[in-house]
Amino acid sequence: MSKYYLNDEAGLSKAGNKLYQLINDLYPICRSITGKGVRQTLDILSELIPLNKIEVPSGTKAFDWELPDEWNIRDAWIKNSKGEKILDFNVLNLHVLNYSTPVNETIQLEELKKHLFTLPEQPNLVPYRTSYHSRQWGFCMSHNQMMKLPEEEYSVYIDSTIKPGSLTYGEYFIEGELKDEVLITCHVCHPSLCNDNLSGNVIAAYLAQHLSGQQLKYSYRFLFIPGTIGSITWLSQNEDKLDKIKHGLVLNLLGDSSNFYYKRSRRENTEIDHIMEFILDQDKRENTILDYSPWGYDERQFCSPGINLPVGRLSRKPHSEFPEYHTSADNLDFVQPEYLAESIGLLQKAIFVIENNDIYINQNPKCEPQLGKRGLYKSVGGQRDQKDFQIAILWILNYSDGKYSLLDIAKKSGLNFQVIVTAADELLKAGLLKNKIAQDG
Amino acid sequence: MSKYYLNDEAGLSKAGNKLYQLINDLYPICRSITGKGVRQTLDILSELIPLNKIEVPSGTKAFDWELPDEWNIRDAWIKNSKGEKILDFNVLNLHVLNYSTPVNETIQLEELKKHLFTLPEQPNLVPYRTSYHSRQWGFCMSHNQMMKLPEEEYSVYIDSTIKPGSLTYGEYFIEGELKDEVLITCHVCHPSLCNDNLSGNVIAAYLAQHLSGQQLKYSYRFLFIPGTIGSITWLSQNEDKLDKIKHGLVLNLLGDSSNFYYKRSRRENTEIDHIMEFILDQDKRENTILDYSPWGYDERQFCSPGINLPVGRLSRKPHSEFPEYHTSADNLDFVQPEYLAESIGLLQKAIFVIENNDIYINQNPKCEPQLGKRGLYKSVGGQRDQKDFQIAILWILNYSDGKYSLLDIAKKSGLNFQVIVTAADELLKAGLLKNKIAQDG
Amino acid sequence: MSKYYLNDEAGLSKAGNKLYQLINDLYPICRSITGKGVRQTLDILSELIPLNKIEVPSGTKAFDWELPDEWNIRDAWIKNSKGEKILDFNVLNLHVLNYSTPVNETIQLEELKKHLFTLPEQPNLVPYRTSYHSRQWGFCMSHNQMMKLPEEEYSVYIDSTIKPGSLTYGEYFIEGELKDEVLITCHVCHPSLCNDNLSGNVIAAYLAQHLSGQQLKYSYRFLFIPGTIGSITWLSQNEDKLDKIKHGLVLNLLGDSSNFYYKRSRRENTEIDHIMEFILDQDKRENTILDYSPWGYDERQFCSPGINLPVGRLSRKPHSEFPEYHTSADNLDFVQPEYLAESIGLLQKAIFVIENNDIYINQNPKCEPQLGKRGLYKSVGGQRDQKDFQIAILWILNYSDGKYSLLDIAKKSGLNFQVIVTAADELLKAGLLKNKIAQDG
């Protein structure tokens with residue numbers, strides 16, 4: 001059995017606070033799919049784990065794609081005719097169209113408006129907009145601000161560059177007992193958006209730190225990677241590793257107060273799907289299980305038909321269907337330490353199942369064994385619920401015929417997975433069970 | 001992709017009116033399982049399509065059956081003691097028991113009553129009754145009329161013949177790109193009943209006309225055939241054709257105002273079942289899906305265990321469970337042009353799916369292809385819903401792995417089948433898809 | 001077809017009264033997993049059927065177990081300081097801890113209380129307790145009685161012996177046309193408890209008597225056996241017979257007024273499961289179907305993973321979850337003749353399905369056969385519902401393709417199983433069906 005230990009409530013609470021602080025540090029950075037913002041982000045996350053930073057040159061082929069030139073930005077503003085800054089990149093980096101070309105001009109309001117992006121239906125919010133693949137310059141502002149702009153001349157200034165460089169991502173690998181891997185991935189390409197990328201980033205980094213140094217069955221691979229193009233790049237360069245990936249999770253939108261959403265992998269019937277559904281089913285909060293759909297985050301790539309990995313996604317919000325999505329409202333108020341802590345707690349329970357979901361073979365399959373003579377009618381630990389433990393013993397013995405995993409047995413019995421694992425451990429010690437892999441040799 | 005085009009609303013409305021007129025012409029004819037009535041009916045339907053009329057001699061063996069002698073009737077009446085006609089075949093041919101032997105006698109009321117059929121629970125209606133397999137003479141009248149008949153002598157006259165001849169049916173074949181066939185069949189053996197046979201007859205003939213001259217993937221075979229014995233005859237003489245029949249529909253009861261009923265084929269999980277369920281599911285009207293049962297219309301024969309074709313039935317009424325069933329109330333008021341038009345519209349949508357439900361293979365299955373560089377982020381037509389089109393592109397790419405047909409993808413995505421077909425067409429043109437059959441060679 | 005006949009209502013009522021009388025005779029006997037109580041019980045049941053009584057010596061190995069020494073008890077009481085019996089084994093044998101060691105002492109109340117078992121939450125009832133595997137002496141009394149015991153000296157006396165002897169069980173075998181067996185089993189090891197063991201015992205014996213002398217397809221094996229250790233013993237000594245057991249039922253808790261519970265076999269999809277679910281589904285009373293769980297009665301052993309027989313359990317109460325369970329309230333008032341009769345009636349219907357659930361092959365599978373010429377449109381018996389019979393004919397012909405049994409057809413059609421069997425019999429006589437086994441040779 002894996003010795004994987006989980007944080008207790010106090011540990012989770014402490015982790016939540018620490019990660020919220022980390023989000024504070026990461027929030028001001030202007031990230032994109034390439035450029036210095038990603039590098040700075042990986043540096044900060046390296047406070048938790050020694051991330052391996054990989055640079056892939058612009059122009060590199062990645063399946064059907066080619067890596068774009070690198071974008072960097074130093075400053076940007078709009079000034080009115082009096083020379084007053086009415087919009088400033090340094091105040092909020094969402095104000096600049098991500099991947100904007102440079103500009104330095106004085107123009108009329110009518111011309112300016114062609115380069116402004118607003119949200120008429122959410123007039124107080126600044127939208128997040130990108131233009132990776134068609135070259136243009138632009139600014140994002142609140143609709144209310146735009147409506148109030150007087151007819152006058154404006155100076156527009158964007159000090160950016162788009163030129164050959166590289167795409168950057170972070171990778172972290174923990175070697176377990178098996179070569180089989182669990183893949184945990186999150187995107188790091190969104191600028192000042194807290195729930196939509198930073199919550200996933202800090203939680204993935206924390207899980208990596210927490211798993212490091214534990215005695216693990218699986219190997220774990222963490223990716224901190226630009227969305228779409230980053231994942232496509234990684235997949236195209238690591239095809240030889242894919243058959244080792246037995247379970248995977250895309251993490252994002254994990255810092256807000258809403259209930260959990262789990263989106264199944266494309267294969268829809270994989271072990272990670274069963275595990276997440278079980279964990280959510282036993283969770284006291286309501287939750288939603290979604291079938292796979294070909295949009296959302298990087299599950300799109302991991303679950304494309306020629307890749308088709310057992311990768312699901314855990315979030316607390318459905319992708320794109322919440323008012324703060326891709327706006328300035330996805331800020332430091334939108335995420336909170338307690339929700340980050342809850343998300344970590346849930347993920348640790350899932351990892352506990354991943355680590356311990358073995359199949360055992362009852363060594364005394366003809367009728368029940370005499371448990372009394374082996375001391376298996378007595379409690380073997382103080383805090384455990386004794387009645388559940390006794391029932392767990394019977395369920396495990398009855399269904400350990402090589403077809404049912406401990407998770408299957410937990411589902412059938414309705415018992416808590418921890419009780420099942422404890423009971424299986426006692427039966428192993430008593431020689432009444434063998435691990436199927438050990439028995440099959 | 002098939003180029004099959006559907007009628008628009010105006011076209012459907014026009015068709016409904018035309019078919020209602022045709023029902024008016026067909027209504028007075030006295031049809032039976034043999035005889036001149038069927039021949040006259042096929043002549044009238046030939047206004048729409050050049051039907052092939054087949055004559056099968058009386059006495060021919062058809063599996064467990066033998067074709068009966070041909071029945072023809074010229075006149076029939078009952079006169080009271082004053083010589084007044086109190087019942088006249090020429091007013092309503094339901095008045096004569098179908099397949100009645102001839103008679104010319106004067107008898108007392110008591111004796112007459114032994115030969116009368118009425119509906120005590122629907123006392124104003126005249127029933128439709130047949131006696132194909134035991135020879136007798138008889139009349140059908142309203143229960144109210146019978147109850148008022150005075151005790152006196154009556155003259156009964158039926159000028160009919162039952163003698164060797166043939167069973168007649170109509171067949172129409174449209175050759176498509178494939179030898180694989182769609183079978184559409186309806187019975188033509190009921191006398192003056194509008195919904196129960198004429199609605200199916202005119203709609204089948206109209207579909208045949210509408211399909212003729214179109215560029216079709218499938219071949220289409222239409223049968224206008226006497227119920228039970230006609231279908232048994234056709235099946236016994238065409239066993240070599242059965243393995244070409246990939247989909248089939250029995251059409252009947254399609255002219256009244258009620259919601260649609262679809263009865264699954266015996267195999268219950270065939271493509272035609274999935275198609276009809278999908279079409280009805282997307283239809284705004286309520287509907288009922290019935291599992292197969294071994295009674296009803298000619299699906300009984302097409303789905304007998306040794307034939308077992310993928311043939312379902314579309315109706316707007318369940319078989320036999322409506323008050324007008326097999327009575328004089330199934331008349332020209334019971335069916336209406338608008339309902340005929342609705343039925344045609346629904347069937348054309350089903351044919352559109354039949355024609356286009358192909359399986360494609362994504363040619364760029366590893367991660368998403370870059371759609372932008374292929375212009376697939378832009379609308380490719382004015383009236384189409386652009387957002388649905390973009391989502392359809394992703395669904396098709398993700399699930400075109402050789403296992404999912406376009407119908408499967410439409411179901412998974414909840415999108416309209418037309419949008420799916422349009423998007424697949426664009427992907428084909430962009431070289432991102434290949435038809436599975438083409439790819440498998 | 002099997003000629004198995006069922007009791008009519010009068011016969012069931014008579015049987016219920018007779019079995020209730022038998023329970024009266026069996027109630028006072030002090031049964032345990034070994035000893036004279038079981039022998040006396042088998043002697044009384046032998047009034048119905050000539051039971052084969054088997055003795056297995058103490059110390060015999062049975063899989064993981066070893067048969068215990070035999071326990072017998074002659075007398076037991078507690079006297080107060082005045083020499084008055086305040087508890088008497090002869091009044092209610094539950095008063096003695098089952099398998100209690102002998103004792104003959106005078107002790108203080110404080111010491112006595114260490115050997116008393118009560119039910120604080122049901123203070124008027126005497127519990128049933130056992131201590132098969134750890135040697136101790138003890139008494140059971142109502143909690144109210146214990147609370148009122150004055151501080152004084154008590155004489156405690158148990159005249160019991162635990163020494164080498166044997167374990168006893170009863171077996172009864174009825175040979176049918178096939179070697180394939182139906183196993184019906186019940187435990188006989190509980191002392192004065194009516195519903196929990198005696199109801200199962202008398203009903204099993206009655207079914208055995210009722211089946212004897214009938215013309216049966218299956219062979220039937222009845223076991224009257226001590227719980228757990230008895231079944232383990234039988235299984236360990238009869239492994240060569242197990243592959244003949246095609247269906248099995250554990251019977252218990254069948255004499256009270258509640259609705260039926262059926263607990264599925266571990267395999268959950270066996271014919272006996274389908275049969276019992278069908279019978280209960282057609283029953284007018286509400287009922288509960290439970291998935292298999294590894295506790296309860298001897299289904300635990302018959303469904304252990306290395307045995308895994310198609311054995312379910314029929315009860316009118318869920319195991320252990322009713323207030324009278326294992327208390328003095330499970331007495332002669334708790335069971336009643338009418339409920340015993342209902343249980344027999346239900347079991348006989350199940351046996352009727354077991355006996356007749358064959359698969360037939362339609363000999364005229366291409367289209368419907370002409371039923372009229374074979375007289376199959378006429379009623380073939382007075383009391384039968386004619387319309388259901390006609391419909392049954394069509395269902396059987398349509399689905400008798402070698403895949404569907406008569407039970408499958410009854411479920412699909414919603415028709416009564418008796419009507420299906422009658423119709424199949426007529427089709428067999430008409431040569432339109434053959435039994436699949438006969439046809440396959």
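In the text below, chain A, chain B and the rest are named by the order of the sequence lines, each starting its count at 1. FYI, side chains are in, hydrogens and waters are out, and symmetry mates aren't considered; it's all heavy atoms of this structure.
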(request) Check each atom of C:Tyr292 against the heavy atoms of chain A and say whether the ones under 4.5 Å are side chain, backbone, both or neither. (result) both
(message) For chain C, which candidate among A:Asn362, A:Leu397, A:Asn364 shows the most heavy-atom pairs at distances under 4.5 Å?
(response) A:Asn364
(message) Is C:Ile232 close to chain A through its backbone or its side chain, or both, or neither, when contacts mean heavy atoms under 4.5 Å?
(response) both
(request) Report the C-alpha separation of A:Tyr4 and A:Tyr218 in whole Å, then their side-chain angles, then the decisive distance to 0.1 Å, and conclude whether the side chain to side chain contact (heavy atoms under 4.5 Å, CB included) test is met. (result) CA-CA 11 Å; A:Tyr4 177 70; A:Tyr218 283 99; over 6 Å; no
(message) If we check salt bridge (charged side-chain N to carboxylate O under 4.0 Å, His left out) with A:Asp291, which of these qualifies: A:Arg266, A:Arg264, A:Lys263?
(response) A:Arg264
(message) List the residues meeting side-chain contact (heavy atoms from CB on, under 4.5 Å) with C:Asp69, not counting sequence neighbours, and say none if there are none.
(response) C:Ser58, C:Ile162, C:Pro164
(request) Any chance you could measure C:Glu70, atom CD, to C:Thr168, atom OG1, to the nearest 0.5 Å? (result) 6.0 Å
